[in-house]
Protein chains: 2
Amino acid sequence: MAPMTSGKTRPVRLADIAKAAGVSHGTASNVFARPEIVREEVRERVKAAAEAMGYGGPDPKGRLLRAGKVNAIGVATGEPLSYFFDDPFARVMMASISQACDATGAGISLVSAANSEQLAWNIQSALVDGFIVFCMEGDSRLVQLARERKLPFVALDLDSDDQTVAAIGIDNIAGAGLAARHLAELGHRRFAVLALPCADAGFGPTTQAQVEMALYSGTRDRLRGYFAELSSFDIDVSLVPIYETVNDEKSVWAGLDHIFAGAEPPTAILAMSDRIALHALDWLRQHDIAVPGDVSIVGFDGVPEGAISEPPLTTVAQPIAEMGRRAVKAILENDGSLSRQLLPVDLVVRASSGPAPA
Amino acid sequence: MAPMTSGKTRPVRLADIAKAAGVSHGTASNVFARPEIVREEVRERVKAAAEAMGYGGPDPKGRLLRAGKVNAIGVATGEPLSYFFDDPFARVMMASISQACDATGAGISLVSAANSEQLAWNIQSALVDGFIVFCMEGDSRLVQLARERKLPFVALDLDSDDQTVAAIGIDNIAGAGLAARHLAELGHRRFAVLALPCADAGFGPTTQAQVEMALYSGTRDRLRGYFAELSSFDIDVSLVPIYETVNDEKSVWAGLDHIFAGAEPPTAILAMSDRIALHALDWLRQHDIAVPGDVSIVGFDGVPEGAISEPPLTTVAQPIAEMGRRAVKAILENDGSLSRQLLPVDLVVRASSGPAPA
DNA sequence: CACTTTCGTTGGATCGGTTCAAATTTTGAC
DNA sequence: GTCAAAATTTGAACCGATCCAACGAAAGTG
């Protein structure tokens with residue numbers, strides 16, 4: 001039997017086109033990459049051959065090897081891929097990263113995995129020029145993996161004191177201070193703190209001392225910021241209850257159950273994330289506690305949901321767009337010197353905070 | 001001057017490691033790709049050399065060429081990249097695509113571009129095994145580009161009658177019929193339609209005849225579905241006002257201003273998207289029109305925002321998760337035969353629809 | 001007509017790995 | 001101690017392009 005057009009469809013290569021058109025592969029390449037330097041007659045002949053053989057243009061796989069640059073940045077997280085589309089903070093951040101990438105024509109590869117073995121492989125084999133790493137609380141594994149790739153990478157919102165990794169974060173202490181000062185200036189004197197996790201230990205009431213030993217420096221710094229500012233108003237921070245949540249509805253509600261069970265419930269709540277604050281708003285509404293009439297609350301992050309909640313949430317807004325822009329810039333224009341950057345935060349006053357009740 | 005360790009950091013290649021460890025590059029490759037077939041002593045030696053020279057593991061760029069498969073699927077749209085994180089429908093779809101990819105260990109590359117020249121290049125040079133194309137209304141350019149890459153691709157929710165492109169869509173006619181029947185069975189007899197765009201012509205009142213000539217078959221089919229069902233209830237559809245929106249607040253509000261200006265305002269509104277319906281809900285609330293007391297409204301798409309709106313939205317839900325799963329499966333397990341699939345839709349009855357007022 | 005430009009084309013080198021048949025070494029059996 | 005079988009290692013081929021020095025032909029110059 002003659003070979004014929006065998007069952008398998010072997011892909012058409014540039015070299016096949018060149019042969020068919022009777023030119024060298026160098027010329028064939030030029031037809032696609034720099035058509036202007038090829039004589040028109042030849043150009044047309046090659047294009048015709050390509051068309052006839054069903055050639056889909058130069059395969060980027062081949063080009064890539066030579067070019068070196070992928071022109072795409074990888075965004076990595078330890079969470080499942082859908083995190084990028086579900087989580088409010090991630091979405092805003094991704095939108096800003098997207099814009100920065102669009103502006104420079106770079107693509108985005110989402111890197112993640114169900115299990116951590118897969119994750120390692122996915123990071124090792126990602127076709128990207130660099131990584132932006134979404135650092136969940138204490139997720140140093142991800143940073144380690146990214147570092148091993150020896151590609152430029154920046155960590156976002158890094159909860160770690162490792163000064164050797166490039167990171168773009170915010171001044172948690174100053175931000176928390178802003179929130180505390182705002183409430184104190186409104187006359188509040190009885191506070192409660194709904195904290196982010198300190199470690200992987202679950203949730204429940206905790207103490208300042210324990211938070212000081214926290215695995216996650218974000219949680220620690222925000223508490224420090226709160227308490228430093230409150231102290232300057234002569235408030236005895238040792239009396240301020242701290243409840244460690246896991247940033248979900250259940251633990252936040254449990255925290256509020258706990259906090260409001262006492263004889264002298266707080267008039268002001270410092271929530272370490274908007275998500276916590278929004279869940280708290282639900283709890284307060286269900287318990288007929290007026291916000292900000294009876295209780296004021298200030299969140300942290302500045303996610304868009306906070307602007308349309310009932311009431312709209314006073315919060316410490318991270319400059320999310322700016323962070324995204326800088327991260328992309330750091331990867332794309334990396335001159336080898338990625339540094340740590342702390343961006344300032346803004347207090348956004350909305351309707352969830354008001355004067356302390358008389 | 002001797003070369004020394006020159007200023008430029010030239011990347012370390014596998015061959016360098018092999019030489020340093022005194023083995024062939026074949027063996028060096030095996031150390032990383034199939035460590036179990038390499039004698040332990042050699043393995044350790046090579047690994048040590050890699051460590052010492054700062055080798056970040058085999059470069060995927062090199063592997064790719066040989067392997068052929070990228071193990072990533074490209075998701076393309078003509079909109080800016082941030083569309084994936086902003087648009088409710090896109091987000092739900094992406095979340096489901098993400099899950100399907102996570103399950104199979106595939107990655108996701110987001111492909112898009114600010115201008116259409118960039119878009120062509122981005123599609124031509126995307127390192128992916130196939131494309132899922134988000135077809136905006138009548139965006140055939142994107143389909144054309146994807147087709148030229150000669151890679152497997154499926155169009156999502158394709159608004160085109162081109163039977164030669166693989167597409168996963170829904171039965172718009174049947175879905176619209178469900179919505180119309182629901183309202184008719186609740187006793188409604190005075191209807192209005194808030195339509196999606198028919199072409200790129202802007203917004204304003206339109207007619208059934210014009211919609212029949214619509215560029216976008218989705219809009220056309222949904223209207224056909226509505227009217228076929230309404231006719232079967234002996235409703236004179238020629239009297240039903242149709243207002244073409246561009247799926248944003250401004251055009252929806254203008255449409256309602258127009259529709260409710262008449263002497264006999266409708267008691268039931270058929271909205272061709274949830275986004276339209278949600279904007280309509282805002283307008284109705286601002287005009288003190290009770291939903292569903294005075295007016296009932298049914299949306300289309302089934303985005304999650306519809307479940308938490310005030311009131312929650314009755315809608316025709318697309319099986320978004322299933323569509324995402326099938327699209328990913330079609331690309332990844334592509335046996336060369338991608339087909340058109342029409343998935344059934346579901347009517348989800350919530351609180352925005354009720355009996356017609358007496 | 002010889003000589004320099006200019007223009008287009010060629011073919012080899014290169015990018016950084018993987019793979020596999022063949023060569024070599026080690027191990028096991030008798 | 002010899003030989004076959006098993007375990008390792010080698011080195012060339014290949015993946016699909018781009019790039020560039022060198023070359024041949026056509027055009028321009030004196």
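Just so we're on the same page: letters track the sequence lines, and every chain starts at 1. Below, each value reflects all heavy atoms present in this structure, side chains not excepted, and no hydrogens, waters or symmetry copies.
- Atom CD of B/Glu40 has 12 or fewer heavy atoms from other residues, nucleotides or ligands within 6.0 Å.
- Between chain B and DNA chain C, the heavy-atom contact criterion of under 4.0 Å yields a 5' to 3' nucleotide range of C/dG16 to C/dT19.
- Of all heavy-atom pairs spanning B/Val23 and B/Ala28, the tightest one is CG2-N, 4.2 Å.
- Atom pair A/Lys61:NZ and D/dA17:P shows a separation of 9 Å (rounding to whole Å applied).
- Nearest heavy-atom pair across A/Leu142 and A/Phe134 is CD2-O, 3.7 Å.
- Ring centroids of B/Tyr55 and B/Phe32 are separated by less than 6.0 Å, placing the two rings close together.
- Under the rule for a side-chain contact (heavy atoms from CB on, under 4.5 Å), the partners of A/Ala120 that lie at least two apart in sequence or sit in another chain are A/Gln124, A/Leu145.
- Between A/Arg66 and A/Arg39, the residue anchored closer to the 5' end of DNA chain C is A/Arg39, taking for each the nucleotide with the nearest heavy atom.
- Near DNA chain C, defined here as any heavy-atom distance below 4.0 Å, the residues from residues 20-32 of chain B are B/His25, B/Gly26, B/Ser29, listed numerically.
- A/Lys329 pairs by the salt bridge (Lys or Arg N to Asp or Glu O under 4.0 Å) definition with A/Glu333, not counting sequence neighbours.
- With rounding to whole Å, B/Arg43 atom CZ is found 9 Å from D/dT8 atom P.
- The A/Leu14 side chain lies nearest to D/dA17 when the options are D/dA17, D/dC19, D/dG16.
- In this structure B/Lys61 satisfies the salt bridge (Lys or Arg N to Asp or Glu O under 4.0 Å) test together with B/Asp59, sequence neighbours excluded.
- Side-chain nitrogen and oxygen atoms of A/Tyr55 include none within less than 4.0 Å of the OP1 or OP2 phosphate oxygen of D/dG16.
- Judged by distance alone, with hydrogens and angles left aside, the side-chain atoms of B/Ser116 form no donor-acceptor pair with the main-chain N or O of B/Leu119 at under 3.5 Å.
- Taking the six-membered ring for Trp, B/Phe84 and A/Phe85 have ring centres at least 6.0 Å apart.
- Remark on the helix from C/dC1-D/dG30 to C/dC30-D/dG1: inter-end axis angle 40°, axes from five-pair C1' superpositions, rounded to 10°.
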